[in-house]
Every structure is written in structure tokens, then in C-alpha cells.
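In what follows, a structure is listed as C-alpha cells, so that the remarks can point back to it.
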Amino acid sequence: LRPQATCMLILDGKHLAGVLVDEIALEVQQRVEKGLKIPHLAAVLVGDNPASKSYVSNKIKSCARAGYVSTMVTPPADVSQAELMQIVLDLNNNPEIDGFIVQLPLPKHIDEQAITLAIDPKKDVDGFHPYNFGLMALGVETLLPATPFGIMLLLKRYGISTAGKTCVVIGRSNIVGTPISIMLGKKGDPGDCTVTLAHSRTPDLAKVIKRADIVIAAIGKPHFVTADMVKKGAIVIDVGINSIADATTKSGYRLVGDVDYAGLAHKVKAMTPVPGGVGPMTVAALMLNTMKAVKGREKK
Ligand SMILES: NC(=O)c1ccc[n+]([C@@H]2O[C@H](COP(=O)([O-])OP(=O)(O)OC[C@H]3O[C@@H](n4cnc5c(N)ncnc54)[C@H](OP(=O)(O)O)[C@@H]3O)[C@@H](O)[C@H]2O)c1
């Protein structure tokens, strides 16, 4: 048997994110020449969760590439609710800071919702605040949730046509599944999809997925979506980041998505890899949101 040739398009988020951040760097250069403020992003990293540390470190590296100023605030894992709240209020009131994120998840003793609500919506570059979420749902220009925004940028820049297509989003979290389902259902390009939002209580999930021209998996279960579940020629966006044991690697583990990438590769039209797909696009979206936040403050 000859190995089957694949003509699948790899939606290379790592490469595209680099292009977007380089475009931002040019804009920052122009701002410097005009004597305008250099964007400044802060990241609050509570404790020493290795995954959170690695995400924040990627964001700080991206700031350096974009030419942004960045600040890290690193309270210990046993920080109190009041202390963390004070950090948020200080960042809200600091005129040097244009936008900031509080990396999730937070330790169990912290009320995550109260912290998210306390972030000034104009500095909420993760786009998690209900004010920004509400404007997004109304289709009004605002700071968009970073991961769904990254997915929209990926679809747009790769010229993936979405109008009139059926889309199934698997997973209904407030930060990925629910907002991307809203964004793709709205008028626009990307957009104008007929969207189904699936979750753990969806019956006949495999059948539901099989109807979709576009599948977005945001579940958090390694290799959950298998080749038999998807339609031939589908576009697959894999948001999942799962760590699985792998004795062949130095660290003893590797990262995989929610989709069986190797299994789907010969069947689908285009797909994001993990790592190197949606993850870097989330960081690029954060950089774009930070630029938008700076400009918003300048207008004011
Ligand atoms: N690439 C990035 O930048 C990025 C950003 C954020 C998250 N992620 C990754 O994306 C994944 C999802 O994270 P999240 O925070 O969006 O989700 P989450 O809050 O962990 O929720 C998971 C969702 O998946 C659904 N689900 C779980 N098991 C299912 C099953 N057997 N069948 C159908 N649906 C099922 C759940 O349904 P119920 O609501 O019914 O429980 C829930 O809505 C994780 O791997 C996370 O690490 C990646």
C-alpha cells in the first residue's frame, strides 16, 4: 500500500501569530516616531502552576516581539482575596498600564468571578468582563475574548469561507465555546454560520458533529474527536491543550489537542495543530486587544 497523500491545509497558528505580532511591532515603531505611548501590558500570575507560568511567559515574550512594555505581578499561591483584589484595583488605577490579564485558573480559595468583575473593562484585554462579553454578543466593537478572537483571525487570514456553513462548537465555557458560538453566528466574515453549541449533555454527539462543515473542539479531553465523527472535507479548529504521558520525550509528557490529529489528517480540508494552532493565536489576539485598549484610552 502506498501511503495516502494528504492535501490537508495546516492552519499554522504559530506562523500567523508571528506575522500579526510583527505587524503590531511596525505599528508600535510608528507610534514611537509620532511620540505616542508605547503599549504596556501587565500579567498577574498567582502561584506557580507550571501551565499558567508557561502561558504567561509566552505572553511576555510576545510583548517583547511587539515592542510593548510588559510587567509581571507574581503574588504567591496563598495570596488572600483582599490582597489580589488590591492588585487588580492598583492596575486599574495605574495610568501607565493599558491592559492587564489575571491568568486563570486561580487558587480554589479565590473567588474568580469577583476578580474578573473588578477588572476595568477598558483594560480587560482577555475580554472576559461581562461588559465586554455583552457588547460582543450585541455585535458592538469591543475587546473580544482572546481565544475566540484568535480563532476568528485565523479563519479570516486563511480565507476560510464561513458564510452559510454549519458549525458545531463542542464545549460551552464562558471563555471559548459560548463566545465563539455567538461570534460565528453573527453577520460578518468570518460569521454567518448556522451554529450548534454542543456539550456533555448533547445526545448523539457524533451525529451532530458529522453534520458540521466547521468543527470547533474546546472540551479538554485528549483525542476526543475521532475521524469517524467528522464529515469529509470539514474545517477543524482544535482548541484543547491536554498534557499526556510520553516516555519518549525528555519531560515525560507531551501536549495534544481534543482532536485525533493524525486520524483526521486524511479526511479534513484544514485543521489546526496542537501545539502551534489556537494557542499562539490567543496570544496574538491579546496583543491586538492591548493595542485597541491603548487607542481607546487615547480617544477618551
Ligand atoms: N488554545 C488556547 O488558547 C486555549 C484557551 C482556553 C482553553 N484552552 C483549552 O481548551 C480546552 C477547553 O477549555 P475550556 O476552558 O473552554 O472548557 P471547560 O471550562 O473545561 O469546559 C469544557 C467543556 O467541554 C464540555 N465537555 C466535557 N466533556 C464532554 C463530552 N464528553 N462531550 C461533550 N462535551 C463535553 C463541557 O460540557 P458541560 O458544560 O456540559 O460540562 C464543557 O462545556 C482545554 O483543554 C483548555 O486547556 C485552550
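Whatever order the structure lists them in is the order used to number ligands and atoms, beginning at 1.
Without hydrogens or angle criteria, His40 side chain to Pro95 main chain gives no donor-acceptor distance under 3.5 Å. Checked by atom type and distance alone, the side chain of Asn132 never pairs as donor or acceptor with a backbone atom of Thr142 at under 3.5 Å. A donor-acceptor pair under 3.5 Å is absent between the side-chain atoms of Asp120 and the main chain of Asn92, judged by distance alone. Gln103 places no side-chain N or O within donor-acceptor distance of the main-chain N or O of Leu45, the cut-off being under 3.5 Å. Under the 3.5 Å distance criterion, the side-chain polar atoms of Asp213 are left unmatched by any main-chain donor or acceptor of Ala234. A donor-acceptor distance shorter than 3.5 angstrom exists from the side chain of Asp111 to the backbone of Ala114, with no hydrogens or angles considered.
The side-chain contact (heavy atoms from CB on, under 4.5 Å) with Val256 is formed by just one residue from the set Val274, Asp246, Ile244; it is Ile244. Between Ile237 and the options Val215, Val259, Ile160, Leu155, a side-chain contact (heavy atoms from CB on, under 4.5 Å) holds for only Leu155.
Nearest protein heavy-atom contact of atom 36 (C) of ligand 1 is Ser200 N, 4.4 Å. In terms of protein heavy-atom proximity, atom 43 (O) of ligand 1 is nearest to Arg172 N, 2.8 Å. For atom 18 (P) of ligand 1, the closest non-hydrogen atom on the protein side is Ser173 CB, 4.0 Å. For atom 9 (C) of ligand 1, the nearest protein heavy atom (residue, atom name, distance) is Val239 O, 3.5 Å. For atom 28 (N) of ligand 1, the closest non-hydrogen atom of the protein is Lys221 NZ, 3.0 Å. Among protein heavy atoms, atom 44 (C) of ligand 1 sits closest to Gly220 CA, 3.6 Å. With respect to atom 7 (C) of ligand 1, the closest heavy atom belonging to the protein is Val176 CG2, 4.0 Å. Looking from atom 26 (N) of ligand 1 to the surrounding protein, the closest heavy atom is Ile219 CG2, 3.4 Å.
Inter-residue side-chain proximity for Pro190 and Leu184 is flagged as met; some heavy-atom pair is nearer than 4.5 Å.
Under a 4.0 Å criterion applied to the non-hydrogen atoms of Gly171, ligand 1 contributes the atoms 23 (C), 24 (O), 25 (C), 43 (O). Each of the following atoms of ligand 1 lies closer than 4.0 Å to a heavy atom of Asn242: 45 (O). Near Phe224, the atoms of ligand 1 lying under 4.0 angstrom from a non-hydrogen atom of the residue are 30 (C), 31 (N), 32 (N).
Only side-chain heavy atoms of Leu205 come within less than 4.0 Å of ligand 1; its backbone N, CA, C and O stay farther off. The part of Thr282 lying near ligand 1 is the side chain, judged by heavy-atom distances below 4.0 Å.
Ligand 1 has no nitrogen or oxygen under 3.5 angstrom from a nitrogen or oxygen of Asp258.
Within the 4.0 Å cut-off (strictly below), no protein heavy atom is located near atom 13 (O) of ligand 1.
Here the closest heavy-atom approach between residue Asn49 and residue Pro105 is recorded as ND2-CG, 4.4 Å.
The closest approach between a heavy atom of Ala218 and any atom of ligand 1 is below 4.0 Å. Contact analysis puts Gly279 in contact with ligand 1, with a non-hydrogen atom separation below 4.0 angstrom. Under the 4.0 angstrom criterion for non-hydrogen atoms, Tyr55 is not in contact with ligand 1.
By heavy-atom distance, the residue among Leu255, Ile241, Asn58 lying nearest atom 46 (C) of ligand 1 is Ile241.
No more than 12 heavy atoms of other residues, nucleotides or ligands shown are found within 6.0 angstrom of NZ on Lys269. Annotation: Lys292, atom NZ; neighbour count of heavy atoms from other residues, nucleotides and ligands within 6.0 Å is above 12.
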